[in-house]
Chemist: 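Before anything else, here's the structure in question.
Just so we're on the same page: letters track the sequence lines, and every chain starts at 1. No experiment lies behind these values; they were computed from the predicted model shown.
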2 protein chains.
Amino acid sequence: MSSNHTHNKKDQTLTKNQRIVLNLLQDSGEPLKAYFILDSLKKEGLNSPLQVYRALDKLVELGKIHKVESLNSFIICNNSNCASNTAFTICERCGKVKEIKNNNLTEGVNELVRENKLNITRYNLEFYVVCNTCKIN
Amino acid sequence: MSSNHTHNKKDQTLTKNQRIVLNLLQDSGEPLKAYFILDSLKKEGLNSPLQVYRALDKLVELGKIHKVESLNSFIICNNSNCASNTAFTICERCGKVKEIKNNNLTEGVNELVRENKLNITRYNLEFYVVCNTCKIN
DNA sequence: TTTAAATTGTTATAATATTACGTATGTAAT
DNA sequence: ATTACATACGTAATATTATAACAATTTAAA
């Protein structure tokens, strides 16, 4: 049983559907839409939207993936120990999405949240940008 | 021609469909979904989803309303001179949505954006909270 | 090993949003 | 006033995103 994916222990507890959806998102690195995932995994045995949505829901719950709300898409979490707080940059020109992690911006936001003593349980931040590649061109 | 709505000059340039959609969102103060708006305005002459979506698109473009992405809903802008940057709190218990404006949090975010010299053109921030009312109960 | 919880597969349908097309309207330049 | 242009309109059809309902099965734990 070899695989070109690196899984941690916790991945072993995923069900088959959850695992193949996670692998696809992992390999892609880009945000993918539910029905694209469905089409891509037909050959793996996924037949209905609900199978995809159920896997996605679970993976979001586990913090392994995130939903990019304004794109109706799902992306692998690139921050292994991230909580439910998410922050993304989305390039307005090319659509590229990056998860922002552990930088001044997210630290600053966390501090602001603490300072302001809002009862914030989690947040989702979407920053629209012109990415470096697009900026040059 | 009297009205219980307060309109500024610019509202005069809105078309009929745009105006009745704006008025509904204004009177409601809550985020409303497109098809709810459609149902509500049947009697005013709105017949198809597209009429609603076109009005909503224009109003978003004008900055008079905002889309709350994670709710697929639209809410009146309560900050008359706001740009395309938006920040909301969303109560996880009761669903109440408030636009955050001109407070420490948004000022802080603006400063972080400046400091980090990201090519950010606009942002949408959604903070999930337990609102004061729900916190008590 | 029996019970409870979670997951599965399937069908159907709900909810959200856009495409395509032709018509009408308002505005500005000729 | 007439043309040209952009914007908005109305309507029908369709695409996209997501969930409900139900029965069967697997899994984990007591």
Chemist: C:dA17 C1' sits how many Å from B:Phe74 CZ, rounded?
Modeler: 9 Å
Chemist: For the pair made of CG in A:Leu14 and P in C:dT7, what is the distance, rounded to whole Å?
Modeler: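 Nearest whole value for this atom pair: 10 Å.
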Chemist: Are B:Thr15 and D:dC9 close enough that a side-chain N or O sits under 4.0 Å from OP1 or OP2?
Modeler: yes
Chemist: Can you find a side chain N or O atom of B:Asn17 that sits less than 4.0 Å from OP1 or OP2 on D:dG10?
Modeler: yes
Chemist: Measure the distance from CG on A:Asp57 to P on C:dT8 and round it to the nearest whole Å.
Modeler: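 After rounding, the reported distance stands at 12 Å.
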Chemist: For B:Leu32 and C:dT16, what is the distance between atoms CG and C1' respectively, to the nearest whole Å?
Modeler: 15 Å
Chemist: Can you tell which of B:Asn78, B:Val109, B:Leu105 makes a side-chain contact (heavy atoms from CB on, under 4.5 Å) with B:Ile100?
Modeler: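 Single side-chain contact (heavy atoms from CB on, under 4.5 Å) partner of B:Ile100 among B:Asn78, B:Val109, B:Leu105: B:Leu105.
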Chemist: Would you mind telling me which residue lines up with the more 5' stretch of DNA chain D, A:Arg54 or B:Ala55, judged by nearest nucleotide?
Modeler: B:Ala55
Chemist: Any side-chain N or O of A:Lys33 below 4.0 angstrom from OP1/OP2 of D:dT16?
Modeler: no
Chemist: Which comes earlier along DNA chain C counting from the 5' end, the contact point of B:Ser73 or that of A:Ser48, where each point is its nearest nucleotide?
Modeler: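 Its nearest nucleotide being more 5', the pick is A:Ser48.
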Chemist: Please report, rounded to the nearest Å, how far the C1' atom of D:dA8 is from the CD1 atom of B:Ile20.
Modeler: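 Computing the B:Ile20:CD1 to D:dA8:C1' distance gives 14 Å.
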Chemist: Taking 4.0 Å as the cut-off, does a side-chain nitrogen or oxygen of B:Lys58 come that near to OP1 or OP2 on D:dA8?
Modeler: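 Answer yes for this pair, as a side-chain N or O of B:Lys58 is under 4.0 Å from OP1 or OP2.
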Chemist: Among B:Leu32, B:Val60, B:Val68, which one satisfies side-chain contact (heavy atoms from CB on, under 4.5 Å) with B:Phe74?
Modeler: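 The residue from B:Leu32, B:Val60, B:Val68 that satisfies side-chain contact (heavy atoms from CB on, under 4.5 Å) with B:Phe74 turns out to be B:Val60.
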Chemist: Can you check whether B:Asn72 has a side-chain N or O nearer than 4.0 Å to OP1 or OP2 of C:dA17?
Modeler: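 So the side chain of B:Asn72 is within the cut-off, an N or O lying under 4.0 Å from OP1 or OP2 of C:dA17.
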Chemist: Kindly indicate whether the side chain of B:Tyr35 and the base of C:dA14 share any N or O donor-acceptor pair separated by less than 3.5 Å?
Modeler: no
Chemist: Is B:Lys16 salt-bridged to B:Glu44, going by a charged N under 4.0 Å from an acidic O?
Modeler: no
Chemist: Examine C:dT8: is either OP1 or OP2 under 4.0 Å from a nitrogen or oxygen in the side chain of A:Gln51? Give yes or no.
Modeler: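 It does not, given that no N or O in the side chain of A:Gln51 lies less than 4.0 Å from OP1 or OP2 of C:dT8.
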Chemist: Do the side-chain N or O atoms of B:Lys16 get closer than 4.0 angstrom to the phosphate oxygens (OP1, OP2) of C:dG26?
Modeler: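 For B:Lys16, the contact criterion (side-chain N or O under 4.0 Å from OP1 or OP2 of C:dG26) is not met.
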Chemist: Will you find, in the side chains of B:Ser84 and A:Tyr128, an N or O donor that is under 3.5 Å from an N or O acceptor?
Modeler: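 Short answer, no.
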Chemist: Round to the nearest Å and state the distance from A:Leu38 atom CG to C:dT11 atom P.
Modeler: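 Computing the A:Leu38:CG to C:dT11:P distance gives 13 Å.
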Chemist: Indicate if A:Leu125 and B:Phe88 have the same hydrophobic cluster label, given that clusters are the connected sets of ILVMFWY residues with side-chain heavy-atom separations under 4.5 angstrom.
Modeler: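 A:Leu125 and B:Phe88: separate clusters.
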Chemist: Want to settle it: does B:Leu50 or A:Tyr53 sit nearer the 5' end of DNA chain D, counting the closest nucleotide to each?
Modeler: B:Leu50
Chemist: Give the rounded distance in Å between these two atoms: CG of A:Leu46 and C1' of C:dT10.
Modeler: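 To the nearest whole Å, that distance equals 13 Å.
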Chemist: If you only use heavy atoms from C-beta on, which nucleotide in D:dA18, C:dT7, C:dA17 is closest to the side chain of A:Pro49?
Modeler: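 Of all the options, the side chain of A:Pro49 is nearest to D:dA18.
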Chemist: Let me know the distance between CG of A:Asn47 and C1' of C:dA12, rounded to the nearest Å.
Modeler: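 Answer to the nearest Å: 16 Å.
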